[in-house]
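Working notes, structure below.
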Amino acid sequence: MDLIFEISRTGRSAAAVSASDVPTINIDEAIGKKYLRTDLDLPEVAEVDLVRHYTNLSRRNFGVDLGFYPLGSCTMKYNPKVNENVAAFPGFTGLHPYCADESAQGNLQLLYEMQKYLSNIFGMTEFTLQPAAGAHGELTGVMMIKKYFEKKGEKRPIILIPDTAHGTNPASGALCGFETVTLRSNSDGVVDIEHLKSLMTEAVAGLMLTNPNTLGLFERNIEQVAQIVHDKGGLLYGDGANANAFLGKARPGDLGFDVIQLNLHKTFSTPHGGGGPGSGPVGVSAKLVDYLPVPRIIKSGNGYNWSDKFPNTIGRVRAFYGNFNVVVKAYTYIRSIGAEGLKHATEMAVLNANYIKEKLKPYFDQPYDRLCMHECVFSGSRQVAESGVHTSDIAKRLIDYGYHPPTIYFPLIVPEAIMIEPTETESKETLDTFCDAMIAIAAEAKENPQRVKESPLSTPVSRLDEVLAARKPDVAWNK
Amino acid sequence: MDLIFEISRTGRSAAAVSASDVPTINIDEAIGKKYLRTDLDLPEVAEVDLVRHYTNLSRRNFGVDLGFYPLGSCTMKYNPKVNENVAAFPGFTGLHPYCADESAQGNLQLLYEMQKYLSNIFGMTEFTLQPAAGAHGELTGVMMIKKYFEKKGEKRPIILIPDTAHGTNPASGALCGFETVTLRSNSDGVVDIEHLKSLMTEAVAGLMLTNPNTLGLFERNIEQVAQIVHDKGGLLYGDGANANAFLGKARPGDLGFDVIQLNLHKTFSTPHGGGGPGSGPVGVSAKLVDYLPVPRIIKSGNGYNWSDKFPNTIGRVRAFYGNFNVVVKAYTYIRSIGAEGLKHATEMAVLNANYIKEKLKPYFDQPYDRLCMHECVFSGSRQVAESGVHTSDIAKRLIDYGYHPPTIYFPLIVPEAIMIEPTETESKETLDTFCDAMIAIAAEAKENPQRVKESPLSTPVSRLDEVLAARKPDVAWNK
Amino acid sequence: MDYCPHTPENIAQMQSDIGIASIHELFADIPEKFRLKSALDIPAALSEQETIATMSGLASKNKLPQLTLMGAGAYSHFIPAVVGHIVGRAEFYTAYTPYQAEISQGILQAIYEYQTMVAHLTGTEIANASMYDGSSAMAEAAVLCAKMSNRTKIIVAHSVHPEYRQVVNTYSWANGYNLVEIPYMASGQIDLTALQKELDDQVAAVLVQSPNFFGVIEDIAPIADAAHQKGALLVAGFTDGTSLGILQPAGVSGADFVVGEGQSFGNPLNYGGPYLGIFAAKEKFMRRIPGRLVGATFDKNGKRGFVLTLQTREQHIRREKATSNICSNEALCALAAGVYLAALGKNLKQLACLNIYKAQYLKSKFLGIKGWKEVFAAPVYNEFVLRCPDARLVNEKLQAAGIIGGYELHKDYPELDNALLFCATEMLSKDDMDKVIEIVK
Amino acid sequence: MDYCPHTPENIAQMQSDIGIASIHELFADIPEKFRLKSALDIPAALSEQETIATMSGLASKNKLPQLTLMGAGAYSHFIPAVVGHIVGRAEFYTAYTPYQAEISQGILQAIYEYQTMVAHLTGTEIANASMYDGSSAMAEAAVLCAKMSNRTKIIVAHSVHPEYRQVVNTYSWANGYNLVEIPYMASGQIDLTALQKELDDQVAAVLVQSPNFFGVIEDIAPIADAAHQKGALLVAGFTDGTSLGILQPAGVSGADFVVGEGQSFGNPLNYGGPYLGIFAAKEKFMRRIPGRLVGATFDKNGKRGFVLTLQTREQHIRREKATSNICSNEALCALAAGVYLAALGKNLKQLACLNIYKAQYLKSKFLGIKGWKEVFAAPVYNEFVLRCPDARLVNEKLQAAGIIGGYELHKDYPELDNALLFCATEMLSKDDMDKVIEIVK
Ligand SMILES: Cc1ncc(COP(=O)(O)O)c(C=O)c1O
Ligand SMILES: Cc1ncc(COP(=O)(O)O)c(C=O)c1O
């Protein structure tokens, strides 16, 4: 498709600006020529062409509303439409962040209650809703850990990260000035306790653990893990991206986590928007409450108010209060499905993952053959060995079958990883036809590996040259 | 794609009903078993499957927002998005038709002003907004003609319809109990004056004329036509479906029309909805005002009120007041582009049609080689003669080029008719690429007629067996 | 705003390609004396921001009610969010009637599904793609019956929606038919004896509604029998479509045509339109019914697909011999209805029950007020008629509280003075209704 | 509501296929003592109708203002209807980050176009796919400068948005940097002499905003020169993005990074989020910048297409050595911005002029009130600071009239007591502003 710049024609516009109803002034004089720009080269298109351009672009995009999207670690559940409608209420979209608290009592109540709900669901003492995404929440959490030790006067430059961890975990540690040390998984796919014991010293601020981990396996030894970390005075950080596996079933606070970040755009069903906006609330145990970002909401007889009078706070991690409108959707979701619905969602998510695991077991290698939680991880190694078909080929071929591919090549410790997270919103028929497609591709890999390697065949572009893209980056159009 | 019934599974639903907050009663007893149905076999699907079903269906549909839609006689202009947003205001969607007039002053003012605007644009004395579509407006108009003669005590059982007229014209006449007689066009493509003179007797209630007619030609002799009809005491009916050709340029009232129906879903840019809802206002000259459908809006010192105190009215042609929400969009359109914008729209629409006519002239036969108004009509006869490729084949092949085909085989007097109405909202580039496609197809018809006959090749289904559909009709799914 | 993309350069180029010096030449065929010299008397163009401001201003002159107790042919129901998201898909709402099947499978299949749901709901075998609204659907059914039978008398129950009767009257006047009304009984149902008396061999059709305008459920089977005995056809309407979730549909009880307003299915009140004319019939009438019909068929590869079918019934082919003049219908409203019905599924029954409970509750509460009396004894769905000491006063009190009251029946039925037709749907909570009673009593 | 499609039969079948007797077995790995015995303390599930009622109730506890005179980092602008229609396309908003390019060309191309528009608007060569918001974009830029240079001192103008400075402070504390603020002059611009004094070879970055928090336009070129002379990099922010329609962008004046809040471009106020972090830079920093980057490339048939590129900068490949931890960003807000900018096109300049006219009008009207004085002399865009006799009282009067008043600067700048920061955009009509003056005077 043409770029918007390529269809631009001098003199067109899709948005007329109103004539001024106040006196105009000579801007060159009033502001000074040196402060003014000399060119403004934005696309010029009529509304019809604008709408066609973006509508046709949208038709080159795959979303959950079109079909199954088992992207592991991303919890691509179907997002109920009512949440979109609620979030579009002018009462929610229309307020300026600096309007008086008395004008925003609805918003404040919503945020306050959301913190309470999350605290209850996760067994934490308090939550902040300020971080804009999961990784931002991680950073916020790690900053609180840093502050905690700073206040205690302890120097702990190291943070432990399991080898299965998501890349954001070490990156967040690093962005907060920590040295990251990798913790090994054992042959069961969970934390190697001995390795943890050997690493966990008084120089270690804490461990960033994902539970269930990115293999979809619950860290069975969580009690012992927490014990080891806490015994050395460390803190246990939880990456809550996988929270869809345990809603109403277990609570990180009870398991010994001191701080946990969530991804509302995963677990709490806010749509991912093609890469955001998300929302990454952070919950803390009592130890860390003082360090939460400001402002925080105070409830009193007069209603709800913002306050930044928390001297030990890490400060702000962004302007204003977070991705408020995303929180509205997640709050609506929680209210609409209720306590039972959350638990049911988790149960169905875990059921679906195990169902897929079971159905595909004969056809794909399983690095860890255990009951899984909300996602299951296969390896494409057998296919590589048998016919040179890689996981990336299998993924691309799935596109031709009408599916979004699973997450691939993650977690890093599984060679040729295929990480499938079906979520709870998918029907048995969808799971069955997806498994049929995977099985058919496994057969194709043997019988016609070339076709698999040349896939996808059904898309407007075929595989793109990523090496070229990286070697000669073209990230902005030039005439 | 599967039918919604085929993906239905017992026990699913996308819409939970609230529990009752009032006492429940035994309905079998309260209403009586004999009044109750025994089965209810609606589809049972979860929200995710419902949304995917209809979203994927939508992707099998072509609309103006995807591309050029030069469907002659249908004025498929691009419909501005602001109109949709305005029509969705709760203030416009939320009122019950029987709410007190004092609660609906905004709606009433809008309707009243709309009538005034239309009266001004078309030079008529008054308008009714009650009819739901163009054909409904025709019926309403013809009914008023009938009433007019009934009140005068004249028996005029005949109505004249040109051979170029849209099928709804004779059908509307017939649905109103008139005998329809066909009026010939002359070799210039306009009314054959001599024939009109011969037909126009005192048994004739009137002539239903479309101007410009469906050949896209302006009835140059309109003054004479009106004169002939009026001289015999008849009335001149105008089918305003082609009004996009003369906004701000000429007014049917001035031309001698006594009654005219409009299609807001054509001329006034309300989207056609895949086949409606439309809106078919009818304007009348002073002679016919008394016969307008009731209720009508009365403006007084107290604001606006509905009144049905018009003893000579034809009555109601539908319940309530018409397709109100469609009128909102058309009103918004008129307000946003203003008087100048209406005229400009017409000028550009006519320019575009003539441009296409000029570009395609060398490649397709032109039954009437004159300047056209807002649409131009070609014949595919040359292609049939040269290579057996029919207009229907050309139309289907255009689909592969990304366009909605023009109207075909209408008007009936042009063999293999191709009726192209570009509208004013299309850019020169769009017109050029469309013409290139038409020219390419003309070449293909010679070089590779088979490909043209087998088109479309790019659609989810290829040409469907319409004969089978009509011979063994399957209009409702059975398990 | 201006939605025309052409720049001055474009226009100049195109003029030269056409061979004209000015746009005005294109309008040469308009006789000079008729060429409009002055500008139209329409307000000046607005920017989009000004448009929104202007239109918000108008909308805000309306007073949205807190609650509504009014049904009477237009019903306040909850519309699930999915409906708006689907009918808001540009591919659906910016398409024309699906003349080109290959690029219109979306709306064609959706309408085919709608037709199927409607046929089932109404207890008939087939349904068309939609009519303008319930009233015109009824009128066209009456005209069709007359045309098919060559009879000229049409009978309509007095308990049919007054505006529907007026529309039937207009259509029947235009065709020179004779329209006769049949009174209702004390129960609120049609007077079967009076009907039988009126039925003769000139009667083409009997038109009833169930629930009728009073909310009362008619006993369709004996009415059908009576009509059929005289060779007349039965056209049965309904008021609130959700009643079909629980009531025996007229098609099952012998009606030849079931017509009615489908607004209740996912379409907003919209001050009366656009609404959705439901038109369903026995299969034997398939080749005679008005309106579009979508049929399933196959392509050359055996793939199922959908087309507009039996078009030989229609005006663009048959012209004056067509079964109707209808062309554009209410496709998008039908799509909304299809999505709504598919969303509810069998829960439509539960919804219908809830409507009954609410109506019973409201009725019983009203009847607790001194001087209020039930008018009709027959069973009702979600509407009912009560007589009270001063109907006008009741409605004024409610209006003052931002509540739309009941329909004042004396306008159309002088004998029913101080009688109000109320409606209660799932939109009224117990608290709402208790509040209403507080205001009224 | 329940959004899980499984029926009891489905569940039973699946359990048996997996070989378990109960779902609970799937949770066996959770140590018994941690298994939650009681239900969560969350209100019970709601039907969709109840959900809407509940949420409308909450929304209606907010008071939407009639007018707003507040900017201060979040701007009330008109959003053309097209923006909502496009970002409401399900294919866009229900997609994840475009990891699979072949089925994500829609968002990838749209972001590529956004990057191009942003690079041009900011006068830089490249821009990323977005950051969380303006403040975190600035903070990440500061950290990046420090990491690239191995320097540890960061300088920020005191006239930068107070919350942005706080965010920069948080990030810089976490990394052990030394953050120093530079005062503003009487004109409202940065004190260049003070800056020069503070600049030494430990300074990694100088952070300024133009327009700055006071609405004042900074003279970027000499600041850039000063920074560059000491080997420091200049990170230039802006407040209201629409100012870029008329003001010389910092990239042209020598800034190395241009960062800021893109909310003004088609994103609603939303009580502070989601917003759009704009991050643009000179080309030479391309392989070091944080965040996603979309690049153009080709498929094997030579067809142009778009991919996420230079991913080796990113956390999922580089882990602790990544240039940032950012993963999800604000793609849909960037899409909205792209649509907005494409809709306005060159009219963005006209819009910016209109903002200036409105601000000048409002300012002049305020200055006509006794006791009101201008605080800063340097030119402004659509925000300006005035001192009045009693700022609190002014805002209280406005609040009582449903108007959001100005930002009370003394909270962050004690020296600016009774000083209010006002903003006027195209959303304020002359009548609105005259009304404001009536209320205040
Ligand atoms: C396990 C895990 N942690 C953290 C993140 C980061 O979340 P976000 O993209 O919201 O920053 C992700 C997202 O992919 C994840 O899968
Ligand atoms: C010339 C003409 N007249 C009348 C009509 C009927 O209009 P509607 O479809 O709105 O009933 C049409 C629509 O196609 C038409 O083209």
Side-chain angles (χ1 to χ4, degrees), chain A residues 13-15 17 21-22 31 37 44 54 57-58 60-65 86 89 91 93 95 97 103 105-106 120 132-133 135 167 170-172 174 176-177 180 218 250 272-278 315-316 319-320 323-325 336 338-339 348 350 427-428 459 461-462 464 469 474 476-477, chain D residues 1 4-5 10 29 40-42 44-45 51 55 58-59 61-63 80 86 89-91 94-97 102-103 105-107 116 119 132 135 163 166 170 174-175 268 270-274 295-297 299 305 309 315-316 319-320 322 325 327-332 343 345 350 361 379 430:
Chain A
S13 162
V17 173
D21 59 352
V22 296
I31 298 212
R37 70 185 306 151
E44 296 177 272
Y54 283 105
L57 278 183
S58 79
R60 300 177 151 222
N61 227 49
F62 188 93
V64 176
D65 279 13
V86 166
F89 287 170
T93 61
L95 285 193
S103 299
Q105 287 298 301
N120 180 264
S172 297
C176 195
T180 60
F218 196 87
H272 199 268
R316 289 179 173 276
F320 312 121
N323 281 348
F324 170 73
N325 200 264
S336 68
M348 294 301 106
V350 174
S427 70
K428 179 168 178 298
T459 46
V461 291
S462 57
L464 291 158
D474 166 5
W477 185 76
Chain D
M1 299 297 297
C4 305
N10 290 151
D29 277 350
L40 294 171
D41 187 17
I42 303 285
T51 303
M55 298 308 296
L58 264 180
K61 289 188 184 173
N62 292 326
K63 292 186 208 135
I86 298 303
R89 292 279 304 176
E91 292 93 331
T94 72
Y96 203 80
T97 303
E102 297 85 353
I103 44 173
Q105 286 300 298
I107 190 74
T116 303
Y132 301 134
S135 69
E163 295 197 9
Q166 290 168 41
T170 306
N175 285 281
N270 272 333
Y271 200 52
T297 183
D299 74 2
T309 194
Q315 39 71 27
H316 65 285
R319 301 180 73 85
E320 67 280 358
N325 70 335
C327 182
S328 293
N329 53 32
E330 311 288 303
L332 203 69
Q350 210 178 315
Y361 182 79
K430 179 174 174 301

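Keep in mind it's a predicted model, so treat the numbers as computed, not measured. Because only heavy atoms are used, hydrogens play no part in the values below, and waters and symmetry mates are left out as well, while side chains stay in.
- Heavy-atom pairs under 4.5 Å with chain A peak, among D/Glu320, D/Glu102, D/Lys61, D/Glu330, at D/Glu102.
- For the pair A/Asp21 (side chain) and D/Lys430 (backbone), a donor-acceptor distance under 3.5 Å is present.
- A/Asp474 is linked by a salt bridge (Lys or Arg N to Asp or Glu O under 4.0 Å) to nothing, counting only residues two or more places apart in sequence or in another chain.
- Comparing D/Asn329, D/Thr51, D/Asp29, D/Leu332 by how many heavy-atom pairs each has under 4.5 Å with chain A, the most go to D/Asp29.
- With chain D as the partner, the residue from A/Gly278, A/Ala135, A/Ala132 showing the most heavy-atom pairs under 4.5 Å is A/Ala135.
- Taken to the nearest 0.5 Å, the CD atom of A/Gln105 stands 8.0 Å off from the NZ atom of D/Lys63.
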*Is there a side-chain contact (heavy atoms from CB on, under 4.5 Å) between A/Leu57 and D/Gln105 once you walk through the steps?*
CA-CA 7 Å; A/Leu57 278 183; D/Gln105 286 300 298; over 6 Å; no
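- With a 4.5 angstrom heavy-atom cutoff, A/Val350 touches chain D via backbone and side-chain atoms both.
- For D/Ala44, the part lying near chain A is the backbone, with the side chain staying farther off; criterion is any non-hydrogen pair under 4.5 Å.
- A donor-acceptor pair under 3.5 Å is absent between the side-chain atoms of A/Thr93 and the main chain of D/Pro268, judged by distance alone.
- Using a distance-only test at 3.5 Å, with no hydrogens or angles considered, no donor-acceptor pair links the side chain of A/Ser336 to the main chain of D/Met1.
- D/Asp41 CG to A/Asn120 CG: the interatomic distance, rounded to the nearest 0.5 Å, is 5.0 Å.
- With a 4.5 angstrom heavy-atom cutoff, D/Ser135 touches chain A only via side-chain atoms.
- Donor-acceptor pairing under 3.5 Å is lacking for the side chains of A/His272 and D/Thr94.
- Residues passing the side chain to side chain donor-acceptor pair (under 3.5 Å) test with A/Ser58, sequence neighbours excluded: D/Arg89.
- Of the listed residues D/Asn175, D/Ile103, D/Asn10, D/Ile86, the one with more heavy-atom pairs under 4.5 angstrom with chain A than any other is D/Ile103.
- Remark: the backbone N or O of A/Arg316 is not paired with any side-chain donor or acceptor of D/Glu163 at under 3.5 angstrom.
- Proximity to chain A involves both the backbone and the side chain of D/Thr116, based on heavy atoms less than 4.5 angstrom apart.
- For D/Asn62 (side chain) and A/Gly91 (main-chain N/O), a donor-acceptor pair under 3.5 Å exists by modelled atom type.
- Between the side chain of D/Asp299 and the backbone N or O of A/Ser462 there is at least one donor-acceptor pair closer than 3.5 Å.
- Ranking A/Pro170, A/Ala14, A/Ala133 against chain D, the residue ahead of the rest is A/Pro170, based on heavy-atom pairs under 4.5 Å.
- Interface remark: of the candidates A/Ala174, A/Ala339, A/Gly177, A/Ala339 forms the most heavy-atom pairs closer than 4.5 Å to chain D.
- Interface remark: A/Phe89 contributes side-chain atoms only to the contact with chain D (heavy atom separation under 4.5 Å).
- The greatest number of non-hydrogen atom pairs below 4.5 Å with chain A, out of D/Pro274, D/Gly345, D/Pro379, is found for D/Pro274.
- When heavy atoms are compared at a cutoff of 4.5 Å, D/Tyr271 approaches chain A by way of both its backbone and its side chain.
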